[in-house]
Student: 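Please read through the structure below; I'll follow up with questions.
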Amino acid sequence: MGSTSFGIPEHRFGSNGEKMPVLGFGTAVFPPVGAEATKMAILQSIKLGYRHFDTAAKYGSEQPLGEAIQEALSIGLIQSRDELFITTKLWCGDAHGDLVVPALKRSLQNLKLEYLDLFLIHWPVSCKPGTYEFPIKEENFLPMDFNSVWAAMEECQRLNLTKSIGVSNFSCKKLTDILAIANIPPAVNQVEMNPMWQQKKLREFCRANGIFLTAYSPLGANGTFWGSDRVLECEVLKEIAKAKGKTAAQVSLRWIYEQGVGVIVKSFNGERMKQNLGIFDWSLDEDELKKIDELPQSRGVTGVAYTSKYGPFRTVEDIWDGE
Ligand code: NAP
């Protein structure tokens, strides 16, 4: 594994040799802080060494990220856009075969970029074009036509609008469905993962199929409406952290990294941004790994929609197929 000039290890994709820093900076913010604060936080993170940025059409952070990149270039924090790894995601309302390429072009315009590094299907469901509510309203909810949507994702890569394509919130079953029809298999599956929701089965499946798993909400998304303090307040993690002179957040991030999984973590606070980068020069021992392995498991993020008369997606469990 290579690493960035700031020492963040990089995952190399088998298909096209593209390199992704395994620690990325999240830009989904709750409660909202506004575009200027988002841009300033991103600029600060670039100064500190973050080079991989995660956004989505849904987050409202594509424009501030684009502005931060322009400013980073103009003040010389980076010499070229190629030094960054930029991911954005297709919203469910655009998850229709004929809307995918236009949606990516819109995202590129927001980001002021010529190409993305990674374009992900945000959730394995569609909703009515032009609808943006989250969770999705029952009357707007539609099953996704994987054939036409994945073919359009592949078209995005063929058009060089993105270097790689992938998915997010896909279960083993839904990945199996995509793999069965794909000419270009997904490079990445981005899902909730942390010591309290370890995704063992999905990790195994992705490893066996050459899909790089990336963890979102690695700290349990404390303080957001989709998260809780159950990771940062976990006694086992706090004990390990104390013994090692680290924080529970660092123990959680390090544990994810040691599982061979990428991490997207969000902090807009300078000290915590630095803290979250400090996970690559120490390791967890066997006993600590065993204690984390035995933690009781529960999912934090519950899903995008709750009931629907449409298609097979009636409950959160249906969306996730169990895991
Ligand atoms: P997270 O990174 O687990 O947690 C973020 C929260 O933890 C923020 O409130 C942050 O507050 C706090 N925090 C950060 N570092 C900390 C530390 N060292 N000590 C204590 N608190 C700390 O949750 P997330 O934002 O849900 O996930 C990260 C990113 O993943 C998102 O921003 C987004 O880009 C992506 N994501 C993707 C999906 C998807 O469906 N694909 C879903 C959710 C998230 P401060 O900012 O005040 O530090």
Side-chain angles (χ1 to χ4, degrees), residues 22-34 37-38 40-42 44-45 48 50 52-62 64-65 85-92 95 118-125 134-136 166-171 174 186 188-197 199 202 213-234 237-238 241 246-256 261-279 299-305 316 319-320:
V22 296
L23 182 74
F25 188 86
T27 66
V29 181
F30 185 86
V33 295
T38 302
M40 294 316 287
I42 294 167
Q44 186 176 5
S45 78
L48 291 171
Y50 288 88
H52 168 180
F53 293 88
D54 183 78
T55 181
K58 180 75 186 107
Y59 300 162
S61 57
E62 288 180 333
L65 174 56
F85 187 101
I86 308 294
T87 302
T88 194
K89 311 186 192 85
L90 178 77
W91 181 241
C92 307
L118 181 62
F119 190 40
L120 303 177
I121 297 179
H122 202 149
W123 288 90
V125 295
F134 179 84
I136 297 166
V167 296
S168 177
N169 298 302
F170 271 52
S171 62
K174 290 195 167 53
V188 163
N189 185 21
Q190 186 188 109
V191 298
E192 178 192 359
M193 180 178 152
N194 55 52
M196 310 306 283
W197 188 238
Q199 300 275 22
L202 190 58
L213 198 68
T214 301
Y216 73 69
S217 303
L219 308 178
N222 189 26
T224 71
F225 73 84
W226 60 91
S228 73
D229 65 1
R230 72 197 207 297
V231 174
L232 296 179
E233 288 304 318
C234 168
L237 297 182
K238 288 205 289 194
K246 304 290 174 193
T247 65
Q250 288 174 311
V251 170
S252 180
L253 298 174
R254 176 74 204 183
W255 175 81
I256 295 170
V261 170
V263 187
I264 308 291
V265 63
K266 177 262 165 184
S267 178
F268 278 14
N269 169 283
E271 281 312 308
R272 291 190 284 277
M273 283 182 205
K274 269 191 236 167
Q275 193 191 112
N276 296 342
L277 285 169
I279 60 160
R299 178 186 298 138
V301 177
T302 47
V304 285
V316 170
I319 292 171
W320 284 84

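Quick note: numbers below take in every heavy atom, side chains included, and nothing from hydrogens, waters or symmetry partners. In each ligand, atom 1 is the first atom listed, and ligand 1 is the first ligand listed.
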Student: Donor-acceptor pair, S252 side chain versus L219 backbone, under 3.5 Å?
Tutor: no

Student: Within the side chain of Q250, is there an N or O that forms a donor-acceptor pair under 3.5 Å with the backbone of Q275?
Tutor: yes

Student: Taking all non-hydrogen atoms of both residues, which atom of S61 and which atom of T55 are closest, and how far apart?
Tutor: OG-OG1, 2.7 Å

Student: Looking at every non-hydrogen atom in both residues, tell me the closest pair between R230 and W197 and how far apart they are.
Tutor: NH2-CB, 4.2 Å

Student: Under 30°, 30 to 60°, or over 60°: which ring-plane class applies to F25 and Y50, parallel, tilted or perpendicular?
Tutor: perpendicular

Student: Using only atom types and a distance under 3.5 Å, with no angle test, would you say the side chain of N222 pairs donor to acceptor with the backbone of V231?
Tutor: no

Student: Compile the protein residues with any heavy atom at a distance under 4.0 Å from an atom of ligand 1; present them by chain, then by number.
Tutor: G26, T27, A28, D54, Y59, K89, H122, W123, S168, N169, Q190, Y216, S217, P218, L219, G220, A221, N222, W226, L232, A249, I264, V265, K266, S267, F268, N269, R272, Q275, N276

